[in-house]
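Basis for what follows: all heavy atoms, side chains included, without hydrogens, waters or symmetry-related copies. Sequence lines set the chain letters: A, B, ... in the order given, protein chains first and strands last, and positions in each chain run from 1.
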Amino acid sequence: MGDNSGITVRSAGRLFELPSGATAADLARAGGKSWARAVAASVEGAPRDLAHVLSDGDEVEPVPAGSEEGRHVLRHSTAHVLAQAVLDLWPGSHFAIGPPIEDGFYYDFELPGGERFVEEDLVRIEARMREIVAEGQPFVREEHDVASGTALFEGQPFKLEIIRAAAGGDGSGAGLDGEVAPAGVVSVYRNRDDFADLCRGPHVPSTAVLGHFKLLRVAGAYWRGDEKRPQLQRIYGTAWESKSALAEHLQRLAEAEARDHRRLGVELDLFHFPPEIGSGLPVFHPRGGMLRYLMEEFSRKAHLAAGYELVWTPHPSRATLFETSGHLEWYAEGMYPPMEMEGATYYLKPMNCPMHTLIYGSRSRSYRELPLRLFELGTVYRFERSGVLHGLARVRGLTQDDSHIFCSPDQLAEELARLLRFVLAMLRAFGLSDFQAELATRNPEKFVGEVSEWEFATDALRHALETAGLDYVVGEAEASFYAPKIDVHLRDAIGRRWQVSTLQVDLQLPQRFDLSYVGSDNAHHRPYMIHRALFGSVERFMALLIEHHAGALPTWLSPVQVRVLAVSSDQEAYAASVVDRLSTSGWRADTASADETLGARVRRAKMEKLPWILVVGGEDVAAGTVGVNARGSARPERGVSLEAFLATLETDGKPPVVAA
RNA sequence: GCCCGGGUAGCUCAGUGGUAGAGCAGCUCACUCGUAAUGAGCAGGUCAGGGGUUCGAAUCCCCUCUCGGGCUCCA
């Protein structure tokens with residue numbers, strides 16, 4: 001080791017000798033290339049400022065600006081700059097919290113006199129932020145005790161609440177994403193004499209490091225996410241390590257907008273939401289109807305092949321059904337209001353399960369029938385608050401590809417494993433592959449039933465996840481009060497997360513409906529019931545498919561698969577015969593008359609994102625061939641025999657096979 | 001439901017107190033064309049709906065509906 005006034009630290013496997021009192025920034029200067037773009041340091045695995053004083057023997061690694069952790073720091077620091085800008089521009093504002101989030105950050109404020117931000121304010125705020133960046137203000141960490149921290153944030157009620165929560169040790173400060181350090185230390189980052197913010201850190205050394213950011217939108221947000229508490233004004237922004245990374249992100253946002261299923265739904269003439277019908281209630285046009293039909297037929301066939309039986313149940317029901325099921329007790333606010341008819345009260349069903357239990361219970365069941373797998377594309381109605389409706393992804397009338405499986409306790413684990421394999425195989429058939437699951441476990445504060453039963457069901461779900469080899473996280477205490485479940489999430493082509501399938505082991509309905517089966521011991525036993533929606537809903541899944549494929553649906557799902565275009569009117573009869581031949585072979589083909597130029601018709605077909613365009617001219621009539629213009633290919637292919645094209649369709653256009 | 005912002009022709013949008021506009025789409029006619037827009041013409045609007053201010057309202061004010069971005073909730 002060095003002389004007795006020095007320290008030795010390790011970074012990337014190398015040893016560095018530094019004077020005592022040296023900081024991570026000193027190491028960064030000595031540390032070479034890997035430290036060049038460091039915005040913070042990881043010291044003994046803990047995130048620290050570059051100004052952090054190192055100790056002898058520390059293991060220290062750079063946190064580069066472009067890493068996830070580095071971006072986190074950049075975004076958090078940019079959020080502080082946003083707060084300073086707003087406090088400068090609106091003296092007397094209260095600032096609440098400003099954490100980094102995926103791809104950006106936000107900050108919540110309360111403006112004096114209940115004033116609200118408007119979009120135009122973002123320009124002013126951003127300009128002030130750029131001044132702060134240009135000033136190169138330092139981020140200086142200070143540590144206070146609770147008393148002096150409280151004094152520091154006099155007049156800032158939200159900050160004081162955070163300090164109190166942390167000091168009170170009730171753990172309620174823990175969810176506030178690093179605003180305070182633990183153990184009664186109030187850590188603060190100061191930029192100016194008159195601006196400091198409560199924060200655990202770390203931060204970049206200076207605002208000069210920042211600059212590649214953009215404010216995106218304003219929104220309302222409840223303090224601590226609680227709608228009974230004050231609504232604050234939230235500003236969202238994004239921040240990146242470089243101009244190009246910012247530009248790429250903005251490009252991705254534009255791409256996402258171009259893929260928006262609500263926009264493509266209009267452009268491709270798939271569906272719309274007539275105000276005459278009501279919010280969240282879509283109608284499907286012929287093309288969208290065909291897409292639905294293709295999805296649903298595929299689903300029905302796959303379910304039949306996997307040992308399910310199709311059932312059908314009506315949409316309204318007497319209230320007594322939902323009293324028995326418990327829905328009126330715990331789900332009433334999610335249901336359409338009641339209808340009175342001939343002295344009875346009816347409700348539209350919000351779920352299919354009660355009706356499926358009636359089918360199970362319609363006669364005595366033998367263990368030999370189990371597992372009994374009932375499947376329905378069941379349309380349900382839910383009262384969704386107006387603010388949450390979102391195209392097809394969130395509607396008030398939806399069709400679940402719903403199944404309820406009744407099985408004996410000893411079948412449960414195997415049935416769940418089999419079910420999960422089936423779910424994943426189905427999703428893969430639609431071209432989706434990037435899955436993550438969440439296992440939601442019992443909430444000890446809020447559950448009904450026996451703990452041992454919960455454990456049995458949860459273990460069975462875990463077994464299914466493990467045999468499927470699926471990545472999963474455990475959502476401790478995230479289950480609803482009556483059942484543990486697996487939620488399957490996936491990422492689409494541009495990385496957005498969608499929640500799709502849900503598998504739930506129900507401990508309550510079989511009991512509420514007093515379901516039983518006769519076992520080999522000639523005694524009555526209670527079956528388990530598994531709820532499962534695979535697509536989630538047909539509507540939402542359609543939205544996902546449209547966005548995932550950017551409207552260019554795979555051939556097997558394309559409402560129109562082939563457009564046949566005659567070069568001039570002289571070949572229209574031949575074009576019609578090609579359409580006939582394709583239709584006879586089971587393909588969806590149409591044509592467009594030669595009133596428009598060929599270029600215009602090709603353009604139209606391209607904008608409809610059709611997978612195949614066939615152009616037929618005089619040469620093709622003579623030779624019995626077609627010109628093939630495939631979606632996504634650089635140039636068309638001339639003189640292809642119709643047989644060869646049919647063979648191409650056989651490989652490109654057949655629905656996938658579900659191997660489960 | 002709450003906060004912010006929208007709603008003008010089928011679509012995308014211009015129009016800030018004084019005679020409702022453009023492009024695309026639609027229709028008609030001409031053109032018959034070899035791979036992403038042929039030309040001309042025509043038609044199309046209770047400016048979301050209701051109320052108010054004003055000599056006069058798409059424009060200003062109020063209410064309602066509806067859409068978008070968020071919060072909360074959720075398939």
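- Under the 4.0 Å criterion applied to side-chain N and carboxylate O atoms, A/E376 and A/K349 are assigned as salt-bridge partners.
- The partner of B/G1 is B/C71, judged by Watson-Crick or G-U wobble contacts that both fall below 3.5 Å.
- Nucleotides B/A14 and B/G7, compared at atom C1', are 15 Å apart to the nearest Å.
- Mapping A/V266 and A/I613 onto RNA chain B via the closest heavy atom, the residue that lands nearer the 5' end is A/V266.
- The closest side-chain donor-acceptor pair between A/H489 and A/Q499, if any, does not fall under 3.5 angstrom.
- Within the 4.0 angstrom heavy-atom criterion, no nucleotide atom of any strand lies near A/D226.
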> Could you go step by step and tell me if A/E619 and A/R638 meet the salt bridge (charged side-chain N to carboxylate O under 4.0 Å, His left out) rule?
Replying inline: CA-CA 10 Å; A/E619 296 166 23; A/R638 294 277 296 272; 3.0 Å; yes
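- B/U12 and B/A37: their P atoms are spaced 23 Å apart (whole Å).
- The base of B/C73 does not come close enough to the side chain of A/R385 for any donor and acceptor atom to sit less than 3.5 Å apart.
- Residue contacts for A/E596: at a heavy-atom cut-off of 4.0 Å it reaches a base atom on one of the strands shown.
- Contacts of A/G618 with the nucleic acid, taken as non-hydrogen atoms under 4.0 Å apart, include base atoms.
- To the nearest angstrom, C1' of B/A75 lies 5 Å from CZ of A/R540.
- Using N1 to N3 plus N6-O4 or O6-N4 for Watson-Crick, or N1-O2 and O6-N3 for G-U wobble, each under 3.5 Å, B/A22 pairs with B/U12.
- Both distances falling under 3.5 Å, in either a Watson-Crick or a G-U wobble arrangement, occur for no nucleotide opposite B/U35.
- Using a 4.0 Å heavy-atom cutoff across all strands shown, A/V395 reaches at least one base atom of the nucleic acid.
- Summarising the geometry, the separation between NE2 on A/H285 and C1' on B/C11 is reported as 13 Å, rounded to the nearest angstrom.
- If you check every strand for non-hydrogen atoms under 4.0 Å, A/A533 touches nothing.
- Listed nucleotides B/C73, B/U35, B/A37 differ in distance to A/R394; the shortest reach to its side chain belongs to B/C73.
- With both ends at atom C1', the span from B/G49 to B/C11 equals 22 Å, rounded to whole Å.
- For the pair A/D620 CG and B/C33 P, the computed distance is 15 Å after rounding to whole Å.
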>> As a quick check of understanding, evaluate side chain to side chain donor-acceptor pair (under 3.5 Å) for A/T441 and A/E476, giving each step before the final call.
In response: CA-CA 5 Å; A/T441 62; A/E476 290 291 347; 3.3 Å; yes
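- With hydrogens and angles left out, the side-chain atoms of A/D620 and A/T625 include a donor and acceptor closer than 3.5 Å.
- Distances shorter than 4.0 Å separate some side-chain N or O of A/T597 from OP1 or OP2 on B/U38.
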Find every protein N or O atom lying less than 3.5 Å from an N or O atom of nucleotides 63-70 of chain B, and list the pairs.
unit_1: B/C67; atom_1: OP1; unit_2: A/S279; atom_2: OG; d: 3.4
unit_1: B/C67; atom_1: OP2; unit_2: A/S279; atom_2: OG; d: 3.1
unit_1: B/G68; atom_1: OP1; unit_2: A/R262; atom_2: NH1; d: 3.4
unit_1: B/G68; atom_1: O3'; unit_2: A/R262; atom_2: NH1; d: 3.2
unit_1: B/G69; atom_1: OP1; unit_2: A/R262; atom_2: NH1; d: 3.3
unit_1: B/G69; atom_1: OP1; unit_2: A/R262; atom_2: NH2; d: 2.9
unit_1: B/G69; atom_1: OP2; unit_2: A/R262; atom_2: NH1; d: 3.3
unit_1: B/G69; atom_1: O2'; unit_2: A/R217; atom_2: NE; d: 2.8
unit_1: B/G70; atom_1: O3'; unit_2: A/Y236; atom_2: OH; d: 2.9
unit_1: B/G70; atom_1: N2; unit_2: A/Q231; atom_2: NE2; d: 3.2

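- For a distance-only test at 3.5 Å, the side chain of A/R382 qualifies as a donor-acceptor partner of the base of B/A75.
- If you check distances only, the side chain of A/S569 does reach the base of B/U32 with a donor-acceptor pair under 3.5 Å.
- For the residue pair A/H531 / A/Q504, no side-chain donor-acceptor distance below 3.5 Å is found, with atom types taken as modelled.
- You'll find that the side chain of A/D595 is closest to B/U32, out of B/A75, B/U32, B/A36.
- Atom-to-atom, OH of A/Y574 to P of B/G34 comes out at 18 Å; the value is rounded to the nearest Å.
- With C1' as the reference atom, B/C62 and B/C13 are 28 Å apart, rounded to whole Å.
- In this structure, A/K349 places its NZ atom 17 Å from P of B/A75, rounding to the nearest Å.
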>> Run the salt bridge (charged side-chain N to carboxylate O under 4.0 Å, His left out) test on A/E297 and A/R300 for me, step by step, so that the C-alpha distance in whole Å, both residues' side-chain angles and the decisive distance to 0.1 Å come before the verdict.
In response: CA-CA 5 Å; A/E297 275 313 283; A/R300 283 198 183 94; 2.8 Å; yes
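- One can place CD1 of A/I97 at 12 Å from P of B/C71, the figure rounded to the nearest angstrom.
- Pair assignment for B/U28 gives B/A40, based on Watson-Crick or G-U wobble hydrogen-bonding distances that are each under 3.5 Å.
- Remark: A/R75 fails to qualify as a cation-pi partner of A/F105 under the 6.0 Å distance and 45° angle criteria applied to the six-membered ring.
- The shortest distance between side-chain heavy atoms of A/L310 and A/L377 does not fall below 4.5 Å.
- Rounding to whole angstrom units, CD of residue A/E438 and C1' of B/C74 are separated by 13 Å.
- In this model, no side-chain donor or acceptor of A/E608 finds a partner on the base of B/A36 within 3.5 Å.
- When each of B/U35, B/U32, B/A75 is scored by its nearest atom to the side-chain atoms of A/S537, the top-ranked nucleotide is B/A75.
- When the C1' atom of B/G5 is taken as reference, atom CG of A/D121 falls 12 Å away, rounded to whole Å.
- Taking atom C1' in both B/U59 and B/C47, one finds a spacing of 10 Å when rounded to whole Å.
- Contact check, A/R604 against B/C24: no side-chain N or O comes under 4.0 Å of OP1 or OP2.
- Using a 4.0 Å heavy-atom distance criterion, A/Q233 is classed as a sugar-phosphate-only contact.
- Seen from the ring of A/W587, A/R563 does not count as a face-on cation partner, given the 6.0 Å and 45° thresholds.
- Between B/G1 and B/A9, the distance separating the two P atoms is 26 Å to the nearest Å.
- One C1' atom belongs to B/C67, the other to B/C29, and the distance between them is 40 Å to the nearest Å.
- Take the nearest nucleotide of RNA chain B for A/G225 and for A/A393: the residue whose nucleotide is more 5' is A/G225.
- Comparing B/A58 with B/C73, their P atoms are spaced 44 Å from each other, to the whole Å.
- A/G627 comes within contact range of at least one nucleobase, with a heavy-atom separation under 4.0 Å.
- Looking at heavy-atom distances under 4.0 Å, A/E384 makes contact with a base.
- A salt bridge links A/E596 with A/R604: the closest approach of a Lys/Arg side-chain nitrogen to an acidic carboxylate oxygen falls below 4.0 angstrom.
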